[in-house]
Each structure stands twice: as structure tokens, then as C-alpha cells.
Amino acid sequence: MDAEAIKRALEGSGLRCTPQRYAVMAYLMEHNRHPTAAEILEAVNRLDPRSSRATTYNNLRDLVRAGLVREVAVEGRAARFDAKGMRHHHFICDRCGEVEDIEWCEVPRPASGSLGKRILRECELIFRGLCAKCAPRSTSRSVS
């Protein structure tokens with residue numbers, strides 16, 4: 001996504017295109033490795049050290065609320081962030097905490113009425129287990 005597309009996406013979601021917000025969004029669009037808020041702050045400030053911790057966290061919150069960024073909760077670890085581009089699910093490694101994209105597949109919606117008065121926005125899968133790097137270590141220990 002180029003600079004103009006990022007500006008249009010921000011403004012189209014009702015967000016002002018501040019330099020700090022633009023920097024966070026641009027970083028997420030360029031890096032699909034699901035960084036933490038602290039990693040985003042460090043990377044953005046390496047390029048142009050003008051963003052405080054509070055500003056970065058507030059921008060991430062606003063981007064999530066606007067639907068431009070997805071927050072991926074990793075149990076017992078810092079949340080990770082992902083710019084919404086193509087739809088996909090996530091795999092989270094129980095050992096190293098790495099978050100990987102998994103190809104999108106349709107998720108069955110709950111039966112009508114099973115959610116009561118709740119309004120469903122989206123269904124997403126999170127797979128948990130051992131990633132390709134950690135799985136071999138696990139099997140080699142259990143064989144010994």
C-alpha cells in the first residue's frame with residue numbers, strides 16, 4: 001500500500017492522518033510479522049523519534065477500533081498487531097509465541113439465536129500448538 005492509499009484508508013475510517021499514526025500504519029503494512037506495540041514504537045522512532053509510548057498505544061487502539069488493524073491476543077504475552085489486508089486466520093506457537101498467518105477459510109456462523117441479543121461482526125480462527133521450528137525440538141525430547 002503506497003503513501004496515498006494509507007492516507008485514504010485513515011481518512012476513510014474517520015481518522016486524521018497524523019505523522020505518528022501514518023508511521024504506525026505504514027510500518028504494519030510493510031511488516032507482516034505481527035509486532036508488539038513496543039516493537040512498533042521502537043521501529044517507528046528509529047526512523048523519526050517523535051512518537052511517545054502513549055501516542056503509539058493510542059494510535060494502535062484507534063486503528064483497531066477503525067478496523068484497519070487487528071490485535072492478536074497471545075495468552076501470557078504482549079498482544080501483537082496485524083494490518084488488515086487479505087483475510088486470514090492465525091497460528092500461535094505455545095512455546096515461542098510466534099504468530100503466523102494461516103490461509104483464510106470460511107468459519108461457520110453460530111446457529112440463529114444462539115448468541116442472544118449479541119451482534120456478530122466476524123468469526124475468526126486462532127490455531128494453537130507448536131510452530132515448525134519448535135515442533136522438532138518437542139519430538140526429539142520425548143524420544144530420548
Side-chain angles (χ1 to χ4, degrees), residues 1-140:
M1 187 180 273
D2 66 15
E4 283 305 311
I6 292 172
K7 289 177 184 177
R8 281 193 308 274
L10 290 170
E11 291 165 357
S13 297
L15 297 174
R16 284 189 319 114
C17 186
T18 65
Q20 294 85 357
R21 187 172 289 141
Y22 174 87
V24 168
M25 191 66 194
Y27 180 79
L28 285 170
M29 295 302 297
E30 292 172 17
H31 300 86
N32 63 353
R33 58 175 193 74
H34 307 91
T36 64
E39 291 168 339
I40 295 167
L41 173 64
E42 182 182 321
V44 166
N45 279 341
R46 241 184 272 124
L47 298 173
D48 188 9
R50 293 189 289 172
S51 193
S52 70
R53 180 180 305 271
T55 298
T56 300
Y57 282 67
N58 289 339
N59 280 325
L60 284 167
R61 181 202 61 217
D62 294 343
L63 291 167
V64 168
R65 286 183 181 164
L68 297 172
V69 169
R70 183 175 4 187
E71 182 175 358
V72 181
V74 182
E75 294 168 11
R77 298 176 193 254
R80 299 195 167 261
F81 295 89
D82 186 15
K84 283 191 170 180
M86 292 177 39
R87 295 176 81 183
H88 59 274
H89 300 293
H90 290 103
F91 181 95
I92 302 172
C93 181
D94 293 334
R95 180 169 289 145
C96 70
E98 191 69 28
V99 178
E100 301 173 26
D101 291 343
I102 300 293
E103 187 176 326
W104 181 260
C105 61
E106 288 300 320
V107 179
R109 292 178 115 34
S112 177
S114 68
L115 296 177
K117 294 187 181 223
R118 296 173 189 90
I119 298 172
L120 183 64
R121 178 177 45 81
E122 180 178 51
C123 293
E124 172 186 346
L125 294 176
I126 295 180
F127 299 89
R128 298 181 188 278
L130 297 177
C131 70
K133 290 181 289 188
C134 292
R137 291 190 303 189
S138 174
T139 56
S140 64

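Not measured: the values here are computed from a predicted model.
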After noting the C-alpha distance and the side-chain angles of R61 and N58, does the key distance pass the side chain to side chain contact (heavy atoms under 4.5 Å, CB included) rule?
-> CA-CA 5 Å; R61 181 202 61 217; N58 289 339; 3.3 Å; yes
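Checked by atom type and distance alone, the side chain of R53 never pairs as donor or acceptor with a backbone atom of L41 at under 3.5 Å.
In the displayed structure, R33 atom CZ is contacted under 6.0 Å by more than 12 heavy atoms of other residues, nucleotides or ligands. Around the CD atom of E103, the shell of radius 6.0 Å holds no more than 12 heavy atoms that belong to other residues, nucleotides or ligands.
Side-chain contact between H88 and D82 is present, with at least one heavy-atom pair separated by less than 4.5 Å. Under the 4.5 Å side-chain criterion, counting only non-hydrogen atoms from C-beta, H90 is in contact with H34. For the pair M25 and L63, the minimum side-chain heavy-atom distance is below 4.5 Å.
For C131 against C96, the heavy-atom pair with the smallest separation is SG-SG, 3.9 Å. The heavy-atom pair separating A43 from Y27 by the smallest distance is CB-CE1, 3.3 Å.
Rounding to the nearest 0.5 Å gives a distance of 11.0 Å between CG of L60 and OG1 of T55.
By the 30° and 60° cut-offs, the orientation of the rings of W104 relative to H89 is parallel.
The only member of R70, R109, R87 that meets salt bridge (charged side-chain N to carboxylate O under 4.0 Å, His left out) when paired with E124 is R70.
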